[in-house]
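This report concerns only the one structure given below.
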2 protein chains.
Amino acid sequence: MIEKLTMKTNTEHCDARETLEKTSLYKTPQRIAVLDTLISSSVPLSVNDILKKICTQQKINKVTVYRILTSFKGKGIVREIETARGISYYEISCHHNPVHAHFSCRHCGMLVCLDPLTVSQTWEWFTRPRNFTIDHITITMTGTCHQCEGTLNCNSTADVVNNT
Amino acid sequence: MIEKLTMKTNTEHCDARETLEKTSLYKTPQRIAVLDTLISSSVPLSVNDILKKICTQQKINKVTVYRILTSFKGKGIVREIETARGISYYEISCHHNPVHAHFSCRHCGMLVCLDPLTVSQTWEWFTRPRNFTIDHITITMTGTCHQCEGTLNCNSTADVVNNT
DNA sequence: AAGTATTTGCAATTAAGTTGCATTCATGAT
DNA sequence: ATCATGAATGCAACTTAATTGCAAATACTT
Ligand SMILES: [Mn+2]
Ligand SMILES: [Mn+2]
Ligand SMILES: [Zn+2]
Ligand SMILES: [Zn+2]
C-alpha cells in the first residue's frame, strides 16, 4: 500500500547530433558538447558544472552555455530546474525522461531526480511524516498570467511548451 | 468530479507583537514593520516589495530586511517562495495559512497563492490539459542529504522545520 | 541607570545571469 | 570548392539578488 518514492536512473539515451538536426539548430561544436554533456550525465547540471566538464576538452564561453541552454529550452530539448539556492540546473527532456520531482540539499546543493509521482505517492508526500530530512517543499507553476497574455507581443510561440 | 484549483484568500490574521514575544525575538521597530507588512498583505512579497512599503513610513535598510526574514524563517514565522526568476517571495506561515502551491507569471513576476492541493486536484494538474497557460511545473523538496547530515556542525537546530 | 548581548546600518563583495557588439562560423547556393 | 549570409560565439561590461564584516545603535536584563 505504501509506495516509496525512489530515485530516478536513466538507462536509454538520445543522440546529440540527431537531436540538433531534428530541431533545426546549427550543429556547432559548442552545442554538441553541451548536449553530449547533459546526455551522458546521470544528474542535472548547473552552468558551472557544464563549463567545468567541457573545459577539459575544448574552449567554451560561459555566455555561450547560457545561450545554448536557452535555445535548448525553447526547443524542448532540456528542462530547467530552479533550486532553493537560486541556481538553475538542466536535464535532458526526451521521451526517456518525463517530468518528475527533485530533491535538493540546501547545504551542498546536490540535486537528485525522483521518479514521477503517482497519486498515492503524492498523497504520501503531503500527509505522512518523511524519514528523509526534508524541511521545505516548493511547488511552483510558471507561465503567463491573463493580464500579460494581452500585453504580450505576438512573436513568442516557440519558447512556450515544456511539459514532456 | 472535476475540482477547480482556486486562488487562496486569507481572512484571519495574527498579531505581530504577540508573534515576536512568543518566538522570543527582540521587538524592534524594524521587525514589527516587516511582520506587519507581511501580515497585512494578501500576496507574498519580495524584499524590494517590503522595502518600498515600509520606506514610506520609516527608514529601514535592505540588509536588515534580509536578516529579519532569515530570522523569521528560522522561527517558522514566514515561508520563502522561490520563483522562476530567481527572486524570493515571503508569506506568513501561521495556522491560518497552511502550505500551498503558487502560480508565478514569468513575464511580470506576479505571484498568487493557490488553495492547498487535494489528491484529486493533484491528479488534475498532472494528467489533464489546463486551460491556463502554464508551461512549467516545479516541484522541489529541499532539506539535508545523508552525506551532509554527518558533516553538519551540531549547532543548527533552530533553522530547520518549516512545514506548517 | 548601567551593562550586555543583540540588532541595525553602511560599504564592500559575491555570484548568477544578461546585454551589446565585433568576430567567427555553419549552412545552403552558386 | 568557393562564396554569401544569417546565425552563433567570445569578450567585456553590466545588472541585481543576496551575503559578509564591522562599527554604531538599541532592546532587554538586573
Ligand atoms: Mn530530474
Ligand atoms: Mn502562498
Ligand atoms: Zn548535501
Ligand atoms: Zn503577468
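Basis for what follows: all heavy atoms, side chains included, without hydrogens, waters or symmetry-related copies. Just so we're on the same page: letters track the sequence lines, and every chain starts at 1.
- For the side chain to side chain donor-acceptor pair (under 3.5 Å) condition, the pairs that include at least one residue of residues 49-58 of chain B, sequence neighbours left out, are B:S46-B:D49.
- In this structure, the CD1 atom of A:I32 is 14 Å from the C1' atom of D:dT9, given to the nearest Å.
- Test B:V47, B:L69, B:L51 against B:V34 for side-chain contact (heavy atoms from CB on, under 4.5 Å) and you get one pass: B:L69.
- Scanning all heavy atoms of the two residues, the minimum distance from A:A16 to A:L35 falls at O-CD2, 3.5 Å.
- In this structure, B:I68 atom CD1 and D:dT26 atom C1' are separated by 13 Å, rounded to whole Å.
- Whole-Å rounding puts the B:L69 CG to D:dA17 P distance at 14 Å.
- For B:K22, the salt bridge (Lys or Arg N to Asp or Glu O under 4.0 Å) test picks out B:E18, with sequence neighbours left out.
- For the contact set between residues 18-28 of chain A and DNA chain D, defined by any heavy atom under 4.0 Å, the members are A:Y26, A:T28.
- Looking at residues 50-58 of chain B, you'll see that no heavy atom sits under 4.0 Å from any atom of DNA chain C.
- Not a single donor-acceptor pair under 3.5 Å links the side chain of B:R79 to the backbone N or O of B:Y90.
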Worked verdict on A:Q30 versus A:T64 for side-chain hydrogen bond (donor to acceptor under 3.5 Å, both in side chains): CA-CA 8 Å; A:Q30 293 87 340; A:T64 304; 6.0 Å; no
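- In this structure, B:R31 atom CZ and D:dT26 atom P are separated by 15 Å, rounded to whole Å.
- The salt bridge (Lys or Arg N to Asp or Glu O under 4.0 Å) test applied to A:K62 returns no partner, not counting sequence neighbours.
- Rounded to an integer number of Å, the gap from CD1 of B:I81 to P of D:dA18 is 13 Å.
- Whole-Å rounding puts the A:F72 CZ to D:dA8 C1' distance at 12 Å.
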Audit row: B:H102, B:E91, side-chain contact (heavy atoms from CB on, under 4.5 Å) steps and yes/no: CA-CA 11 Å; B:H102 296 90; B:E91 68 183 0; 3.3 Å; yes
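- Between the side chain of B:T37 and the main chain of B:A33, a donor-acceptor pair closer than 3.5 Å is present.
- Between B:I77 and B:L25 there is a side-chain heavy-atom pair separated by less than 4.5 Å.
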Which parts of nucleotides 9-21 of chain C does protein reach within less than 4.0 Å, heavy atoms only, written one letter per nucleotide 5' to 3' as B for base, S for sugar-phosphate only and - for none? BBB----SBBBB-
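- For the residue pair A:K27 and A:I32, the shortest heavy atom distance occurs at O-CD1, 4.2 Å.
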